[in-house]
Number of protein chains: 2
Amino acid sequence: MIDPTADRAVFRQLADLLRDQIASGELAPGDPLPSELRLAQEYGLSRTSVRQAIAILRAEGLINVERPRGTFVRPAEAAETVALRRGDVVSARMPTEAERRSLHMAEGVPVLVVQSADGDQAVHPADRVRLARS
Amino acid sequence: MIDPTADRAVFRQLADLLRDQIASGELAPGDPLPSELRLAQEYGLSRTSVRQAIAILRAEGLINVERPRGTFVRPAEAAETVALRRGDVVSARMPTEAERRSLHMAEGVPVLVVQSADGDQAVHPADRVRLARS
DNA sequence: ACTGATTTGTACGTATGTATC
DNA sequence: CGATACATACGTACAAATCAG
C-alpha cells in the first residue's frame, strides 16, 4: 500500500493513492474522504503526513475542505460560456488571495484572463467559465 | 510586523508580507528569498510556520524552490502565442502530476485546455502559452 | 578528494483552538 | 455538553544535495 522505504515520500504516496481513487470514481464527487485521524491510523502515518497529502490534493483543486465537517471530493461547477471577440488574448494563472476572496473561488482553481484589443481585462474563475471562439 | 494575537494565522501574515514584497518589486524576479531559518529567526516563528507560508507562495506560482540552493522569485517565462480556430472552447485547470512532469511545469502553474470542434484536445502550460482570437 | 556548513525535504511528536454535530 | 474534525503553532531529528574552503 504505502512503502516507507520507497524513494517517493509517504505523503506523496498517500496523495497518489487518493488521487487515483478520485480519478477512478471509487471516491465520487461529493463523497467524503476519511478523516485525517482515520487515514493516519489506516496507513500507519502521522497526522502531519496525512495533512501534507491532503494539501497536495487541495492545491490540485480535487477536494473541498469544510472545517470541521470533513473533506469532500469536489463536484464540478456549472460552467457558463463566454464568447471571445476579435483580438482577444487569453491567459491563465493562479488568482491572488484578494481575487480568490472577491470571486468566491475554491482552492486550486486558476483564473482565465481575457485581454481585449481595447485594453480592457476580464478575470474569470476557471471552474465556472469557459471561453468559446465562434 | 507579524502579530501572533491577530485573527489571521501567522504563516498567512508572513505569506502576505512576502507576497507584497514580490508585488512591489522589493523582491525582484530571480532574487533569493531569505532562508527558512533566517525568516524564522527574523520574525520569531518556527520553521514549520515559515514553510507553511512558503507553501502558499509556491501554490500561487510566485516562487521557485531549488533544493538546496534556495528559494527564488519566479521570473516570467517567454510566452508563445497560439491561434484559436473556429469552434474552439478554452478552459483552464491545475495539471495532474503526470502532466506537470511531462510538460516540465513549475508548481502553481495552470494548464490551458483547448477543445477543438473536431474533438481534439490540446493542453498548454499557462506560463508559456497564451491564446489569441484573430 | 574530502570536509563541514548551509538549505530544503521528510517525518515524527505535542498542545491548543474552533466550529459542527 | 461531549465527541469529532480540521487549523494553528510549536518542537525534534535526520536525509540529501549543493557549495566553500
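All values below come from the heavy atoms of this structure, side chains included, with hydrogens, waters and symmetry mates left out. Every chain is numbered from 1 and lettered A, B, ... according to where its sequence line falls, protein lines coming before strand lines.
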Distances under 3.5 Å between protein N/O atoms and the N/O atoms of nucleotides 18-21 of chain D, please, pair by pair.
unit_1 : atom_1 : unit_2  : atom_2 : d
D:dC19 : OP1    : B:Arg69 : NE     : 3.2

Requested in this report: Quick one: which residue pairs count as a side-chain hydrogen bond (donor to acceptor under 3.5 Å, both in side chains) with a foot in residues 20-33 of chain A, not counting sequence neighbours?
Outcome: none

**Report entry** Residue pairs involving residues 115-124 of chain B (criterion salt bridge (Lys or Arg N to Asp or Glu O under 4.0 Å); sequence neighbours excluded)
**Finding:** none

Query raised in the report: Starting at CG of A:Leu39 and ending at P of C:dC12, how long is that distance when rounded to a whole Å?
Result: 13 Å

Could you go through residues 37-45 of chain A and list every donor-acceptor pair under 3.5 Å that involves a side-chain atom there, pairing it with any protein atom two or more places apart or in another chain?
none

Requested in this report: Of all the heavy-atom pairs spanning B:Ala92 and A:Ala92, show the shortest one and how long it is.
Outcome: CB-CB, 3.9 Å

Query raised in the report: Rounded to the Å, how far apart are B:Leu37 CG and C:dT8 P?
Result: 9 Å

**Report entry** Euclidean distance, atom CZ of residue A:Phe72 to atom C1' of D:dC6 [Å, nearest integer]
**Finding:** 11 Å

Report task. Scan for salt bridge (Lys or Arg N to Asp or Glu O under 4.0 Å) pairs involving residues 70-89 of chain B, sequence neighbours excluded, and state none if there are none. Result -> none

Report task. Can you sort out which residues in residues 46-62 of chain B have a heavy atom within less than 4.0 Å of DNA chain D? Ascending by number, please. Result -> B:Ser46, B:Thr48, B:Ser49

Query - Qualifying residues under salt bridge (charged side-chain N to carboxylate O under 4.0 Å, His left out), relative to B:Arg58, sequence neighbours excluded - result: B:Glu107

Report task. Sorted by first residue and then second, give each side-chain hydrogen bond (donor to acceptor under 3.5 Å, both in side chains) pair with at least one member in residues 124-134 of chain A; sequence neighbours left out. Result -> A:Thr81-A:Arg130

Query raised in the report: Backbone N or O of B:Gly119 within a donor-acceptor pair of the B:Gln115 side chain at under 3.5 Å?
Result: yes

Report summary line: Taken in chain and number order and not counting sequence neighbours, the residues that satisfy salt bridge (charged side-chain N to carboxylate O under 4.0 Å, His left out) with B:Arg51 are B:Glu36

Report summary line: A:Arg38 atom CZ is separated from D:dA5 atom P, nearest whole Å, by 9 Å

Query raised in the report: In residues 2-21 of chain A, what residues come within less than 4.0 Å of DNA chain C, judged by heavy atoms?
Result: A:Ala9, A:Val10, A:Phe11, A:Arg12

**Report entry** salt bridge (charged side-chain N to carboxylate O under 4.0 Å, His left out) partners for A:Arg67, two or more places apart
**Finding:** none

Query - Residues forming a salt bridge (charged side-chain N to carboxylate O under 4.0 Å, His left out) with B:Arg93, sequence neighbours excluded - result: B:Glu99

Query raised in the report: Rounded to the Å, how far apart are A:Glu36 CD and D:dA7 C1'?
Result: 9 Å

Query raised in the report: Could you give the CG-to-P distance, from B:Asn64 to C:dT8, as a whole number of Å?
Result: 13 Å

